K.L.:
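Provided herewith is a single structure, encoded as structure tokens, for subsequent inquiry.
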Amino acid sequence: MKTHVERRQKAAAAQWNLKNEIVLIGAGDYIHVPGRADMTYPFRSHSEYTYLTDRERPGAVLAFDPQSGWADFVPRVTQDERVWIGASVEDEGTAFEEFAAWLEKRKGRRVAVLGCPIAGIASDAALEADVREGLNVVRRPKDEVELDRMRKAADASRVGYAGVQSVLKPGITERQAQIELEAGFFRGGGDRTAYDSIVGGGTNSAVLHFAPSHRPFAAGELILIDAGAEVGCYASDVTRTYAASGKFTLEQADIYKLVLATEEAAVKKCMPGTEYKTIHIGASRQIAQGLLDLGILKGNVDSLMEQDTQALFFPHGVGHLVGLGVRDAGGYLPGRKRSETPGLRFLRIDMPLLPGYTVTIEPGIYFIPALLQDAELRRKHRDNVNWDRVDKMLNFGGIRIEDNIHVTETGYENLTAAIPKAS
Ligand code: GLY
Ligand code: MN
């Protein structure tokens, strides 16, 4: 067995400290595309399975019994798979057929199912929650194998961003930009894109997850690109915003400087012990203050924050855990509840940062007509916003800047620092 896999399995078992309970981790199965006959989505094992096996294999189950240890049940590669998709996977572990007998011998014991559901097996909800949290504790600090892949993913992303930046100009379409970007990811060593690339020009840059279209960029527009390469199942997640003509207008430059300063300040706070929520609130405050200084908001920061006025322009969280997939083992620590207020409802993680954690930092400011033309929101924030000014900026678009930060023992390492930002 690969030594990093052995180390992870040992760490999970130690963290769980079980006596008699069974843990099963399902890799998952092919998922058919509805209505498309035998077509399936690209297979990805559940992250919990991938972490503990470093393998992507449909139908596999990893099992743990504290009395007998780990058992690794993997379906044998079929002849059809060899014919249609090639034998990229060799037979590993124990033949899946032996799983039923393994389980039968342990009948009557509590079972938690992690990963994907396993047909015919009921999971004990309380035990499942406990072991999932235990596994998350182990997964969050990245080991050297993971960091190496994340650095490679960041480097492949660097190649893609260098390629796209060199072709951006008025007349180039979002799709052409996507092609340059993703070709660079693959040339740079990426296995796949870590998620669907976001490329938006002009007003499309204000759509948080905009899927690139054939629309050409126009002179004077913003271009927002949020994309990343993946290597060995490990993601990078990067956002840069550019001026289509190579130079921001004065209004764009003001907002860009504010987002950049907010991002840089938030990155510097990524230290062991810092609450991620504190970083989010700090970024929200800095955006509120900056918009106040620019005359877009009115009043004072405390009262704006109290009413979440900044969330009209910064309607998402400051980031998330990244690593094994673009959303790694995030969530809220047990006992912490997600707030439904506009400024906090998309806060994806609520926990202190610890050495080895890898997070994104991605503040943004957007002029989103769906929010800024909403009658109820306008009423609620009537006195807090310079609405005449905002109404003239409805076509502004949006600016987001995002890096991937590895928290170290003493501070942080910016994994995506080599991807230049517009200045
Ligand atoms: N890269 C997209 C996101 O983090 O939501
Ligand atoms: Mn992100």
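Read the numbers this way: they start at 1 and go in the same order the structure lists the ligands and their atoms. As the structure is a prediction and not an experimental result, all values here were calculated from the model.
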K.L.:
Taking N or O atoms only and a 3.5 Å limit, does R327 qualify as a polar contact for ligand 1?
P.N.:
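For ligand 1, there is an N or O atom that lies under 3.5 Å from one belonging to R327.
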
K.L.:
Tell me which N, O or S atom of E402 sits nearest to the Mn ion (ligand 2).
P.N.:
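Result for E402 and the Mn ion (ligand 2): OE2.
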
K.L.:
What verdict does the ring-ring contact (aromatic ring centres under 6.0 Å, His included) test give for Y276 and H320, after you've listed the backbone C-alpha separation in whole Å, the side-chain angles of each residue and the deciding distance to 0.1 Å?
P.N.:
CA-CA 9 Å; Y276 195 74; H320 48 89; 8.7 Å; no

K.L.:
Just distances here: any N/O of R348 and N/O of ligand 1 closer than 3.5 Å?
P.N.:
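It does not: no N or O of R348 is found under 3.5 Å from an N or O of ligand 1.
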
K.L.:
Taking both backbone and side-chain atoms into account, decide whether D237 has an N/O/S atom under 2.8 Å from the Mn ion (ligand 2).
P.N.:
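Of the N, O and S atoms in D237, at least one lies under 2.8 Å from the Mn ion (ligand 2), which means yes.
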
K.L.:
Would you say the side-chain atoms of D308 pair up with the backbone N or O of G343, donor to acceptor, closer than 3.5 Å?
P.N.:
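Pair found, side chain donor or acceptor close to backbone of G343.
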
K.L.:
Give a yes/no on ligand 1: does H316 have at least one heavy atom closer than 4.0 angstrom to it?
P.N.:
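No.
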
K.L.:
Taking NZ in K380 as the centre, count heavy atoms belonging to other residues, nucleotides or ligands within less than 6.0 Å. Is the count above 12?
P.N.:
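Enclosed.
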
K.L.:
What do you reckon, is CG of D143 surrounded by more than 12 foreign heavy atoms closer than 6.0 Å?
P.N.:
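Buried by this count: over 12 neighbours within 6.0 Å.
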
K.L.:
Does a side chain donor of either R400 or Y366 reach within less than 3.5 Å of an acceptor in the other side chain?
P.N.:
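Yes, Y366 and R400 have a side-chain donor paired with an acceptor closer than 3.5 Å.
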
K.L.:
Which ligand 1 atoms does E362 reach within 4.0 Å, using its non-hydrogen atoms?
P.N.:
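Counting from 1, the qualifying ligand atoms are 4 (O).
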
K.L.:
From the N, O or S atoms in H320, identify the one nearest to the Mn ion (ligand 2).
P.N.:
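The atom in question is NE2.
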
K.L.:
Is NZ or CZ of R378 both nearer than 6.0 Å to the six-membered ring centre of W387 and within 45° of the ring axis?
P.N.:
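Yes, R378 and W387 form such a contact.
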
K.L.:
Look up atom CG in L292 and atom NZ in K298, then write down how far apart they are to the nearest 0.5 Å.
P.N.:
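Between atom CG of L292 and atom NZ of K298 there are 11.0 Å.
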
K.L.:
Identify, by name, the N, O or S atom of E362 lying closest to the Mn ion (ligand 2).
P.N.:
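Checking each N, O and S atom of E362, the shortest distance to the Mn ion (ligand 2) belongs to OE2.
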
K.L.:
Within the 4.0 Å heavy-atom shell around H320, which atoms of ligand 1 are there?
P.N.:
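Taking each heavy atom of H320 in turn, ligand 1 has 4 (O) under 4.0 Å.
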
